Amino acid sequence: MMKKLFIQTYGCQMNLADSEEMASHLLGRGYALTEKLEEADLVIVNTCTVRDHAEHRALSFLGRLRQWKREKPGRHIIFAGCAAQRLGEKLKKTFPYLDLVSGAREIAHFASLLDSCGLFPSAPGGSPDQRGITGYVTIMRGCDFACTYCIVPSVRGPVHCLPSKEILANAACKAQEGHPEIMLLGQTVNAWKEAGKTFADLLNEVSALPGVERVRFVSPHPAFITPQFLEAVKNNPKIARHIHLPAQSGSSKVLKEMKRGYTREMLLEKIAALKACGFAISTDLIVGFPTETEEDFSQTLTLVEQAGFSAAYCFKYSPRQGTPAAQMPLLSEKVLEERLDILLNRVRGLAEAAYGVHIGRPAEILMESPNKGRTSDNFWAQTKKSYTIGSVVQSEVIDSDGTLLFTRD
Ligand code: 5AD
Ligand code: SF4
C-alpha cells in the first residue's frame with residue numbers, strides 16, 4: 001500500500017511553496033498526500049519563527065506527535081522551515097523522536113538530505129499535486145535589510161536571486177500543468193534583479209508565457225516601489241492589481257527605529273502612486289514596538305485611514321532573540337493588548353468598505369470554480385453564469401455583501 005504524507009505548514013506563502021517542493025520530492029519516493037493525520041506514515045512540520053507565537057504553535061504540534069509516532073511503527077517526522085533553521089540540531093535533544101531536521105536554508109538540498117538519512121528511498125509512483133489555480137514560483141530567497149525587530153535575515157540569510165532562465169522555465173511548466181495564475185515568491189520579492197533585468201521586466205516576461213493569465217507576487221518591500229517600476233507594469237493588465245505592502249508603523253520615528261528605510265510621507269506617496277495605477281493595497285502592522293508612544297501608535301491609526309488599505313494584518317510586537325530591538329525594554333503586555341484591540345477594531349471594516357467600492361465598476365475575474373473567482377485586485381466575485389475554471393471573465397460588479405462581489409454576467 002502507498003505510504004501517506006501529511007504536511008502541516010505554518011507561516012507565509014514562501015513556506016507554502018517550500019511545503020509543495022518538499023512534497024514533490026516525497027511524492028517521487030512513493031508517498032501520497034493525505035489530509036488526515038491518523039492515516040499518515042510521515043509528517044512534515046514546516047515552521048515559522050517570525051513571532052514567538054508561531055514558533056510555539058509548531059513546537060506544541062511537534063509535542064503532540066510523540067504520541068502519534070508511538071501509535072504505529074514505521075512512522076516518521078520531518079521538522080522543516082524557519083524555526084528548524086533557528087533551533088537546529090538541538091531540537092533532537094528535546095524531541096528525540098524527530099527523524100530529520102531540515103532548516104529553511106537547506107530547501108535546495110532537500111533531496112540529498114532525504115537520501116543521506118536513508119529513511120526515504122526512491123520509489124516509483126506518485127505525481128505532483130496539481131490542485132488550485134495558482135502556481136507558486138520562488139524567484140529569490142533571503143533578505144538584505146536589517147529591520148531591528150526581524151529575525152528573518154538571520155534565519156533565511158542574505159539575498160540570493162534565482163536566474164531568470166530558471167524562473168521562466170519553472171513558471172512555464174506551472175502554466176502548462178494548469179495554473180493560469182503564477183505567484184512569484186521571495187522574502188523581499190521585488191529586490192530580485194539580474195544583470196540587465198529588473199523585477200518589472202521579469203513580471204512582464206512571466207506574464208507573456210503561454211497559458212499565463214495573471215501574475216502576482218509576495219512579499220514586496222516598499223523600497224523598490226519606484227516610479228520606474230510603476231511605469232514598467234502599468235500597461236500590463238496581466239499583472240494583478242493587488243499588492244501586499246507591509247507598512248509596519250505609521251510613525252516616522254518608529255519606522256526609523258525599525259530601520260525600515262522610509263518615512264510615513266514616503267510611504268503615503270508610494271501608496272498614492274500605486275492607487276493611481278489601480279492597485280488595491282493590503283498591509284502588515286506591528287503594535288507595541290519598544291519605543292512606540294501613544295502618539296506614535298495614534299499615527300498608525302491615522303495611517304490606516306489615510307492609506308485606504310483593503311486589509312491589514314496586525315501583530316503584537318514579539319521580541320526575537322538576537323535582534324537589536326530585543327535589547328530594548330519592552331512595553332507591558334497590557335499596553336500591547338490594548339493597542340492591538342484598538343487597531344483591530346479600526347481595521348475590521350476595511351474589507352467590507354473595499355468590496356463596496358467596486359459596485360458599478362468593471363471587473364476581470366479569473367475563475368477558480370464555475371461560479372466563483374478573484375478579481376485582478378484580489379476580491380472574491382460570484383458570477384451569474386457558469387464558466388470554465390481558469391478562464392478570465394470580463395463583467396461588471398452590480399452588488400456586494402461586503403465579502404463577495406456579484407457580477408452582471
Ligand atoms: N514581532 C511582531 N511582528 C513581526 N513581524 C515580523 N517580525 C515581527 C516581530 N518581531 C511581522 C511583520 C511582517 C510579518 C510577516 O510579521 O509585520 O511583515
Ligand atoms: Fe515565517 Fe518569515 Fe520564515 Fe515566512 S519567512 S516562514 S513568515 S519566519
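Atoms within a ligand are numbered from 1 in the order they appear, just like the ligands themselves. In this text the structure is predicted, and so the values were computed from the model without any measurement. Because only heavy atoms are used, hydrogens play no part in the values below, and waters and symmetry mates are left out as well, while side chains stay in.
Taking the ring centroids of H53 and F315, they lie at or beyond the 6.0 Å cut-off. Ring centers of F120 and H76: under 6.0 Å apart, within the cut-off. Taking the six-membered ring for Trp and the full ring otherwise, Y317 and Y149 have centroids separated by 6.0 Å or more. Annotation: F199 is in aromatic contact with F217 [ring centroid separation under 6.0 Å].
Short contacts between ligand 1 and Y317, defined as distances under 4.0 Å to a heavy atom of the residue, involve ligand atoms 1 (N), 2 (C). For ligand 1 and R320, the ligand atoms under 4.0 Å from any heavy atom of the residue are 10 (N). Distances below 4.0 Å separate heavy atoms of Q248 from the following atoms of ligand 1: 12 (C), 13 (C), 17 (O), 18 (O). Of all the atoms in ligand 1, the ones that sit under 4.0 Å from a non-hydrogen atom of R51 are 1 (N), 2 (C), 3 (N), 4 (C), 5 (N), 11 (C), 14 (C), 16 (O). Residue K316 has at least one heavy-atom neighbour below 4.0 Å for each of these atoms of ligand 1: 1 (N), 2 (C). Those atoms of ligand 1 that come under 4.0 Å of a heavy atom in D284, given as number and element, are 13 (C), 14 (C), 15 (C), 17 (O), 18 (O). Within ligand 1, counting atoms from 1 as listed, the ones closer than 4.0 Å to a heavy atom of I286 are 3 (N), 4 (C), 5 (N), 12 (C), 17 (O).
Looking at Y149 against ligand 1, both its backbone and its side chain come within 4.0 Å, counting heavy atoms.
A donor-acceptor contact under 3.5 angstrom links the side chains of H358 and D377, judged on distance only.
Under the 30°/60° scheme for interplanar angles, the aromatic rings of F379 and Y355 are found to stand perpendicular.
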